[in-house]
Protein chains: 2
Amino acid sequence: MNVTIREVARTAGVAVSTVSLVLNRKGRVSRETERKVLDAIEKLHYHPQRSARGLVTRHSGNLGFILSTDHFSNAEPFYTKIFLGTEFEARSHDYYVLLTTIEQQFSEKSIPRFLLEKNVDGVILAGTVPPKILECIKERGLPCVLIDYFPPAGNYSAILIDNADGIRQAVTHLIEKGHRDLVFVGGDSQHPGMRERRDAFRRILAEHDLDADERRICADSLASGAQEGYEAALHFLNNGVKLTAFVAANDAIASGILRACRDRKLRIPEDVAITGFDDVETAITARPTLTTLHVPKEEMGALAVRLLAQLIAGSASAGTKIVVPVQLVPREST
Amino acid sequence: MNVTIREVARTAGVAVSTVSLVLNRKGRVSRETERKVLDAIEKLHYHPQRSARGLVTRHSGNLGFILSTDHFSNAEPFYTKIFLGTEFEARSHDYYVLLTTIEQQFSEKSIPRFLLEKNVDGVILAGTVPPKILECIKERGLPCVLIDYFPPAGNYSAILIDNADGIRQAVTHLIEKGHRDLVFVGGDSQHPGMRERRDAFRRILAEHDLDADERRICADSLASGAQEGYEAALHFLNNGVKLTAFVAANDAIASGILRACRDRKLRIPEDVAITGFDDVETAITARPTLTTLHVPKEEMGALAVRLLAQLIAGSASAGTKIVVPVQLVPREST
DNA sequence: GATTATTGTCGAAACGTTTCGACACTGAAA
DNA sequence: TTTCAGTGTCGAAACGTTTCGACAATAATC
């Protein structure tokens, strides 16, 4: 029923170990026996079995993908796009991707099963993840790549977004459109990426000699959703801050700002302009459509897989960071 | 370094096989030894290794997901949504999902690696797939579930869309809006689902004593994209077919029709109404937004996993079919 | 008290690979 | 001729589990 390496050996008239040698192109095998073995393999339709091979080589042929639960169940397909990017790329590296999610409050009890079962050769982590999981992975000696997150301490390989340049593009774009009074609405300041966006805003405004007062920056909310954007916008408008443009830290926030402006009967983009960040579905479905910064999500996933594969093979060194560029997409909101 | 079942046995002062028994809750183990074993496991942080277990049980703990290459690379995230649905559901069944794509012209050479390596316990196939791959799976004795496809012959388990009812909802909706002269634009008639939509259109119009002449149905294109919709719409308009509403077999076709109508300076929905099918991104991003039939894509993926898990466990019988309902979403195009 | 079931435990054999050291050749160097 | 390096092949051990039959020890039946 089940054709094994033993049968191949018997058919070819050689030892099991010899078959293994030609299978793995290791050691020296004569032209002639190689022929015999290959013929037997062909004839019997033999293919080595993953679990048997994995048992001895300690390689599973799988990569793990870890995402925090709220990122996965989040309606915005930001991280799922990244995940699909890894799936696509993994195929050309002969890996399969195992997806799991973890709670933000991570405990010993909830270690991803693929780690416990030693069922992955490396791990990709997307978005904010608890530091404990990183220790967990390090303990097991697995290489890993972070995406869109970099923890306060430690030397990790990561795929990062060029947040500063994105904000620069947005601000420059607004300045070109004649805006001088900008405000910034940020998100979860725990997230280093979000902080980068906020800091870049401050810095770039200063570079252009524009007012970058603290009161023009609202970035202390814990979440980064439409609701926070809505409230922050109202805060600015109610306090009479002089402004003609909002720079939002992401598209969800921007859509909240949009709603607030509509409630206040402000015309967009005539009265106020708004820019988002990420270029997710929201940006296109919003009315008016959002000018935003396109982040190449699938590509980031693909890059992560490529880097991870190199780390596993030992052809890249841990700590490599790749920063992907973003691209301004002008739409109706500016 | 690597903690094995043997160490657990030693620490607990029992035989290896006994540890295995408590691990798998098989056979009878006394309360007392169970305690000892569990304590040892806890103390050593032991967890059985997947590949070792898989080698003997012949179970991998993985499900395969097969998609045709063009469906995956297709911009429309119809099938990727389904895939994400399987990922989500798989987690609660303790399975991981391995994704692969196959070419439509399938050969012996390109059998998915996870089949060759015996690395999956069951397979999900989404969309049109070559019949040969189905044989391939059957040969290996693996249970499988089809999604949104049913081959001409054979008795398969499948998750299907209630296409007839969807078209019924669309037509009824249009009739309520006062339309009497409807035409249908179909897609790839190789696909059974597409044929169902076309046949349903014909039948339901007849039920309402409306003109369901063959000349009101355009369904012989090979593809099912915007371009085909565009051309079909022009065909109807140029030939002076009397019509006030288009029923499209999917959203891509509908968006093509939309464009044709715009080119002809027809107002939507005043001059002509249009309905789509599937409710993918196109439907929301189109201008005007598309009235369409919402298909619960993630849910279909989840249902497939649930059914496949039951098939593997032997608690469902092969040949089970599940038809999921669709829901009309009225938007600007009608 | 002898027989038979039942219960709990165990040792050993499998599962299908890879890898390592041994070994017999061959031909070249001493 | 003896020694040595290199080549090709092999047998056996290992990888970490599960499972099966054997076997005491205990409990139930006659």
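Proteins get letters first, then strands, A, B, ... in listed order; numbering begins at 1 in each.
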Requested in this report: Look at all strands and tell whether A:Arg53 reaches a base, only sugar-phosphate, or nothing, counting heavy atoms closer than 4.0 Å.
Outcome: sugar-phosphate
Subject >> Short side-chain N/O contact from A:Thr33 to OP1 or OP2 of D:dT9, under 4.0 Å >> reply: yes
Q.
Check the phosphate of C:dT18 against A:Lys26, side-chain N and O only, distance under 4.0 Å to OP1 or OP2. Yes or no?
A. no
query: Could you give the CD1-to-P distance, from A:Ile5 to C:dT19, as a whole number of Å?
result: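 Spelled out: CD1 on A:Ile5 to P on C:dT19 is 11 Å.
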Once hydrogens and angles are ignored, does a donor-acceptor distance under 3.5 Å link the base of C:dG11 to the side chain of B:Ser17?
yes
(Q) One pair to check against ring-ring contact (aromatic ring centres under 6.0 Å, His included): B:Phe88 and A:Phe72. What are the steps and the verdict? (A) CA-CA 9 Å; B:Phe88 202 86; A:Phe72 188 53; 5.3 Å; yes
For A:Tyr95 and A:Ala309 the tightest heavy-atom approach is CE1-CB, 4.2 Å
### Task
Report which part of the nucleic acid B:His59 touches: base, sugar-phosphate, or nothing (heavy-atom distance under 4.0 Å, all strands).
nothing
Quick one: which of C:dT18, C:dG8, D:dT18 gets closest to the side chain of A:Thr57?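 Looking only at side-chain atoms, A:Thr57 lies closest to C:dT18.
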*Within this structure, what is the CD-to-C1' distance between A:Glu117 and D:dT17, rounded to whole angstrom?*
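From A:Glu117 CD to D:dT17 C1': 12 Å.
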Here the distance between atom P of C:dT18 and atom CZ of A:Arg50, to the nearest Å, is 10 Å
(Q) Students often get this wrong, so: under 4.0 angstrom with heavy atoms, is A:Val14 touching a base, only sugar-phosphate, or nothing? (A)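 If one applies the 4.0 Å heavy-atom cut-off, A:Val14 turns out to touch the sugar-phosphate alone, with no base involved.
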Is the phosphate of D:dT9 approached by A:Ser30 (side-chain N or O, under 4.0 Å from OP1 or OP2)?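 The answer is yes; a side-chain N or O of A:Ser30 sits under 4.0 Å from OP1 or OP2.
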Using a cut-off of less than 4.0 Å, is there contact between a side-chain N or O of A:Thr18 and OP1 or OP2 of D:dC10? yes
A:Leu21 atom CG is separated from C:dT19 atom C1', nearest whole Å, by 9 Å
Tell me which of A:Val29 and B:Val16 sits closer to the 5' end of DNA chain D, going by the nucleotide each one is nearest to.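 In this pair, the answer is A:Val29.
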Rounding to an integer number of Å, can you tell me how far B:Asn24 CG sits from D:dG16 P?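 Nearest whole value for this atom pair: 17 Å.
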Would you mind reading off the distance between A:Arg31 atom CZ and D:dG8 atom P, rounded to a whole angstrom?
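Spelled out: CZ on A:Arg31 to P on D:dG8 is 11 Å.
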* Is there a side-chain polar atom (N or O) of A:Arg58 under 4.0 Å from OP1 or OP2 of D:dG16? -> yes
Name the nucleic acid region contacted by A:Thr4, choosing base, sugar-phosphate or nothing; use a 4.0 angstrom heavy-atom cut-off, strictly under.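 Answer is sugar-phosphate: A:Thr4 comes under 4.0 Å of backbone atoms only.
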To the side chain of A:Ala52, which of D:dT19, D:dT17, C:dG16 is closest?
->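 Looking only at side-chain atoms, A:Ala52 lies closest to C:dG16.
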note: A:Gln49, atom CD; D:dC15, atom C1'; distance rounded to Å ~ 14 Å
B:Leu55 has its side chain closest, among D:dT17, C:dG16, C:dT18, to C:dG16
Exercise for review: Verify whether one side chain among A:Ser60 and B:Arg50 offers a donor that lies under 3.5 Å from an acceptor in the other.
Suggested key: no
**Message:** I need the minimum non-hydrogen distance between B:Val3 and B:His45, along with the two atoms involved.
**Reply:**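 Smallest heavy-atom distance, with atoms named: CG1-O, 4.2 Å.
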B:Leu44 CG to D:dG16 P, straight-line distance once rounded to whole Å: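 Taking CG of B:Leu44 and P of D:dG16, I get 14 Å after rounding.
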field: Atom of A:Ile111, atom of A:Leu116 and distance for their closest heavy-atom approach
entry: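 Here A:Ile111 and A:Leu116 meet closest at O-CD1, 3.8 Å.
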With a 4.0 Å cut-off on N to O distance, would you call B:Glu34 and B:Arg31 a salt bridge? yes
The residue, A:Leu23 or B:Gly27, whose nearest nucleotide of DNA chain C is more 5′ is B:Gly27
